[in-house]
Amino acid sequence: MTDQMQSIDTQTHNSQEQSSQKSENSNFFQAIGVISGEVNITGNLLATITIQGREYKLRCQRKNHQLFTALKYRMKNTGTTFQTLMVYPKATHFPRRQQPHIIDFELVNFKSENSDKGMFSECQDLEFKLLGLWQFIRVSKVPCISIFKNLNQERLDYIKSADSEQRVNFMKAAHLPVIWHEPVVPPFRFNPNLPKEEQGKRYFVQVKAKFSPQENVFHFESMLGLPSENAPRFLSARKGDKVQVSKQKRQQNKNTPAQGDSPKPKPKKKTV
């Protein structure tokens with residue numbers, strides 16, 4: 001078990017170094033930060049973390065299963081469920097703007113005696129580095145920093161072999177709501193009544209923001225770089241794919257009976 005933990009420590013240290021090196025190069029999309037709270041393992045690669053009395057889902061990618069195992073081992077070994085984690089923030093918005101969005105997190109690393117460098121030294125608890133497009137989206141009253149998938153050859157190869165639903169899910173952006181008083185550049189807001197050439201400018205911003213569990217939003221703290229009109233190259237699902245997947249989901253919902261529903265019995269035939 002000791003050899004396995006040493007192997008995992010090396011892997012998590014490498015991932016931490018990669019995250020730190022990535023943050024030094026601002027020519028890409030990224031959202032990463034640090035949170036602390038009570039961790040509760042709920043399933044295979046699934047957990048929750050309670051931050052200031054509020055519970056959030058905590059996920060781990062299958063390729064990082066050893067990291068998840070190491071986190072469970074650390075909790076058992078230290079006798080405490082309170083952990084400090086490096087995470088990617090995720091956001092789910094809904095068609096009705098009145099319905100509040102959901103924030104959850106993806107595990108990247110956990111803080112241990114050997115991990116005081118990198119992101120754990122760059123961000124305090126609840127602080128995040130957000131590098132993305134500063135804009136309003138249709139389903140959010142609060143402007144967002146949109147984190148898209150960075151474009152690279154490996155991802156392009158995957159998209160070519162994937163079906164429409166896989167492509168849409170893979171290229172889904174994280175639209176993180178950010179309260180930024182007196183921003184240096186205005187958030188882009190699409191105007192359907194204006195032609196493309198007359199739309200406002202869309203800026204790529206690099207900021208440090210603090211997550212507020214009470215409000216479920218991020219608050220701007222400081223600039224990490226100057227805003228730019230030239231965004232890094234990124235992946236975005238085609239409108240046709242989105243429409244097709246949306247239709248498929250609506251059809252699936254129609255065909256799936258509501259929970260608790262049971263098929264109505266057929267009327268008995270009258271016997272003569």
Hey, does [Y] have a side-chain heavy atom less than 4.5 Å from the side chain of [X]?
X    : Y    : answer
I32  : M86  : yes
L85  : L107 : yes
I41  : F68  : yes
D125 : T84  : no
V205 : L130 : no
T50  : V39  : no
V207 : S222 : no
L176 : I147 : yes

Here the salt bridge (Lys or Arg N to Asp or Glu O under 4.0 Å) pairs for residues 30-41, sequence neighbours left out, are none

*So N230 and F204, side-chain contact (heavy atoms from CB on, under 4.5 Å) or not? Walk me through it.*
CA-CA 7 Å; N230 300 316; F204 179 79; over 6 Å; no

To the nearest 0.5 angstrom, please state how far the [atom1] atom of [X] sits from the [atom2] atom of [Y].
X    : Y    : atom1 : atom2 : value
L58  : T42  : CG    : OG1   : 8.5 Å
S212 : F218 : OG    : CZ    : 10.0 Å
S228 : L133 : OG    : CG    : 10.0 Å
Q83  : I35  : CD    : CD1   : 11.5 Å
L45  : H65  : CG    : NE2   : 8.5 Å
R74  : T80  : CZ    : OG1   : 9.0 Å

Indicate if [X] and [Y] have the same hydrophobic cluster label, given that clusters are the connected sets of ILVMFWY residues with side-chain heavy-atom separations under 4.5 angstrom.
X    : Y    : value
I103 : I51  : yes
F110 : V87  : yes
L151 : I159 : yes
F220 : L131 : yes
Y158 : L235 : yes

Residues in side-chain contact (heavy atoms from CB on, under 4.5 Å) with [X], at least two apart?
X    : value
Q199 : F188, F190, N191, L194
I179 : V142, H181, E215, V217, H219
P183 : W134, W180
E106 : Q61, Y88, K90

Report the C-alpha separation of F82 and S36 in whole Å, then their side-chain angles, then the decisive distance to 0.1 Å, and conclude whether the side-chain contact (heavy atoms from CB on, under 4.5 Å) test is met.
CA-CA 7 Å; F82 189 89; S36 298; 3.8 Å; yes

At their closest point, which heavy atom of [X] faces which heavy atom of [Y], and how far apart are they?
X    : Y    : result
F29  : F148 : CB-O, 3.2 Å
Q124 : V34  : O-CB, 3.8 Å
K57  : D104 : O-CB, 3.4 Å
A31  : P89  : O-CD, 3.4 Å
A91  : H175 : CB-O, 3.3 Å
C123 : K208 : SG-CE, 4.4 Å

Quick check on [X]: does its [atom1] atom have over 12 non-hydrogen neighbours (other residues, nucleotides or ligands) under 6.0 Å away?
X    : atom1 : answer
E154 : CD    : no
E182 : CD    : no
L226 : CG    : no

The salt bridge (charged side-chain N to carboxylate O under 4.0 Å, His left out) partners of E229 (sequence neighbours excluded) come to K201

* M171 vs R155, side-chain contact (heavy atoms from CB on, under 4.5 Å): CA-CA, chis, key distance, verdict -> CA-CA 10 Å; M171 292 188 280; R155 288 174 175 173; over 6 Å; no

| message | Cation-pi check for F170 against K149: NZ or CZ below 6.0 Å from the six-membered ring centre and within 45 degrees of the axis, yes or no? | response | yes

* **Step-by-step side-chain contact (heavy atoms from CB on, under 4.5 Å) determination, T81 to N40** => CA-CA 7 Å; T81 57; N40 177 38; over 6 Å; no

Between R202 and Q135, is there a side-chain donor-acceptor contact under 3.5 Å, judged purely by atom types and distance? yes

Query raised in the report: When you measure from the side chain of N169 to the backbone N and O of E165, does any donor-acceptor pair fall under 3.5 Å?
Result: yes

